[in-house]
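Report on one structure; see the data block that follows.
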Amino acid sequence: MRKQIISVVLLTFMGLAAQAQTKVKLYGVASPNVKFVYVASLTDRENKGDSVPVTDGKWKFEKEFPSDVLTLGVISDDFSEMNLQNAMFAMADTVPTEIDLINHTVKGSKGTETFNTTMKGVLECMNKPITATYDSRDDAVKLMYSAVMDNLDSMVPVVFVPMLSQGLSSGALHKIFYTGAPYENHPLMAPVKEHMKSLDAKKNFALGDKFTDLTLNDVDGKSHSLSEWCGKGRYVLIDFWASWCAPCRAEMPTVVECYKKYHDKGLDIIGISFDVDKDAWKNAIDQMGLSWIHLSDLASWKSVAATTYGIKSIPSCILLDKNGYIIDFDMRGNVLDWRLKEIFGENK
């Protein structure tokens, strides 16, 4: 029988020196033919790390690591192969982690169990083919996003937020960086915080501001004000777009699906177009089945909407609460659906 080696691989996401230490305890069971467990840094593939003997099917490892060591993994192949498809994972925290290499389970802190499930799911997504109608990367991002939002009281966000940051909305980032978050001043989060600041600086408004009223015409030339919908007890998504904007049109299927899912639960959408050609504007609305109210002054970037709200690129959007206060903006793709799901839920 070929010699089996089960490797416990320490995954580090940074190489910074640290004074504080985290005492990590791993223990568990392995198949009778397994002789050793190896603990090492995945980012340092030349370092084989520590070997731990397996005695009567049991093994235990205890060691103090620098506090910047965040995650652990379990891999069921020769260490040199680094085959993460067969791995299990855990956070490198102070809660003892039980790793069952026979039944392939991990038990530890909430963060550890979430991290293991998320990583297994992400790796599974990576193995799925991308087709014209399905992109497995969307599911991988959704898994990481959920792991972050469900574990804001742990260090899990440090692992995933740097990978997700460019796709996160300002509202999501402000929720992540609440005052007193355990990772608030972690070095890996510094670039993400700068990105959040840059998003906020691009607009003429801030989260928590009341909406600014505008009066524009609909497709039939009838005048309407935002205040007809905003601040009237329903959530309102103000969607800035144009028929000539290819990225806007690419986003519309997501917006349409969100409208179908959440309109009856309390969501209204107001489309504000930066078109100049009225026929092109109307045709795009009909072609894409955009069944909500649409307004425009047909002035392109000179639109009163662009100057009032500081819109310098489209697609762009603003989400208002029931009282007309801004709670998020510039949500793209799945992030819009996830944000609305946080508000309305799927089963509410």
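Note that this is a predicted model, so its numbers are computed, not measured.
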- Task: Please step through side-chain contact (heavy atoms from CB on, under 4.5 Å) for the pair Lys35 and Val54, ending with a clear verdict.
- Result: CA-CA 5 Å; Lys35 303 301 181 183; Val54 178; 5.9 Å; no
Okay, side chain of [X], backbone of [Y]: is any donor-acceptor separation there less than 3.5 Å?
| X | Y | result |
| --- | --- | --- |
| Lys175 | Leu152 | no |
| Ser225 | Ser227 | no |
| Ser198 | His195 | yes |
| Lys193 | Asn185 | no |
| Asp218 | Ile293 | no |

- Audit row: Asp330, Ser169, side-chain hydrogen bond (donor to acceptor under 3.5 Å, both in side chains) steps and yes/no: CA-CA 6 Å; Asp330 285 354; Ser169 65; over 6 Å; no
- Query: Does the side chain of Pro157 come within less than 4.5 Å of Met189's, by heavy atoms?
  - Reply: yes
- Please tell me if the side chains of Val34 and Trp59 come closer than 4.5 Å, counting only heavy atoms from C-beta onward. no
Other residues, nucleotides and ligands only: do more than 12 of their heavy atoms fall within 6.0 Å of [atom1] on [X]?
| X | atom1 | answer |
| --- | --- | --- |
| Lys322 | NZ | no |
| Lys107 | NZ | no |
| Lys312 | NZ | yes |
| Asp286 | CG | yes |
| Phe205 | CZ | yes |
| Lys302 | NZ | no |

- Message: Would Lys25 and Tyr27 count as a cation-pi pair here, with the cationic atom under 6.0 angstrom from the ring centre and within 45° of the axis?
- Response: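 Lys25 over Tyr27 ring: yes.
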Nearest 0.5 Å please: distance from the [atom1] atom of [X] over to the [atom2] atom of [Y].
| X | Y | atom1 | atom2 | result |
| --- | --- | --- | --- | --- |
| Ile327 | Glu342 | CD1 | CD | 9.5 Å |
| Cys248 | Asp239 | SG | CG | 7.5 Å |
| Ser303 | Tyr309 | OG | OH | 11.5 Å |
| Lys210 | Asp321 | NZ | CG | 8.0 Å |
| Asn116 | Thr97 | CG | OG1 | 10.0 Å |

- Task: Check the pair Leu319 / Leu340 against side-chain contact (heavy atoms from CB on, under 4.5 Å), numbers first and verdict last.
- Result: CA-CA 9 Å; Leu319 181 61; Leu340 295 173; 4.2 Å; yes
- Query: Taking it one step at a time, do Asp337 and Lys261 satisfy side-chain contact (heavy atoms from CB on, under 4.5 Å)?
  - Reply: CA-CA 9 Å; Asp337 185 43; Lys261 288 170 65 174; 3.0 Å; yes
- Query: Can you list the steps and then say if Asp268 with Lys232 is a salt bridge (charged side-chain N to carboxylate O under 4.0 Å, His left out)?
  - Reply: CA-CA 10 Å; Asp268 288 326; Lys232 301 297 185 181; over 6 Å; no
- Task: Please lay out, stage by stage, how Thr112 and Met91 fare under the test side-chain contact (heavy atoms from CB on, under 4.5 Å).
- Result: CA-CA 5 Å; Thr112 278; Met91 295 297 295; 3.6 Å; yes
- Parallel, tilted or perpendicular: which describes the rings of Phe240 and Phe274, with under 30° parallel and over 60° perpendicular? tilted
- Hey, are Asp139 and Lys128 close enough for a salt bridge, meaning a charged N less than 4.0 Å from a carboxylate O?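 So Asp139 does not pair with Lys128 through a salt bridge.
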- Task: Would you mind telling me which of Asp153, Val159, Val192, Ile176 makes a side-chain contact (heavy atoms from CB on, under 4.5 Å) with Tyr183?
- Result: Ile176
- Message: Counting the benzene-type ring for Trp, do Tyr235 and Phe344 have ring centres under 6.0 Å apart?
- Response: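 Ring centroids of Tyr235 and Phe344 are less than 6.0 Å from each other.
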- Query: In this structure, which one of Tyr259, Tyr262, Trp229 forms a ring-ring contact (aromatic ring centres under 6.0 Å, His included) with Trp292?
  - Reply: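 Single pass found, and it is Tyr259.
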- Message: Working note: Asp275 + Ser296, criterion side-chain hydrogen bond (donor to acceptor under 3.5 Å, both in side chains); need CA distance, chi angles, decisive distance, verdict.
- Response: CA-CA 7 Å; Asp275 273 281; Ser296 181; over 6 Å; no
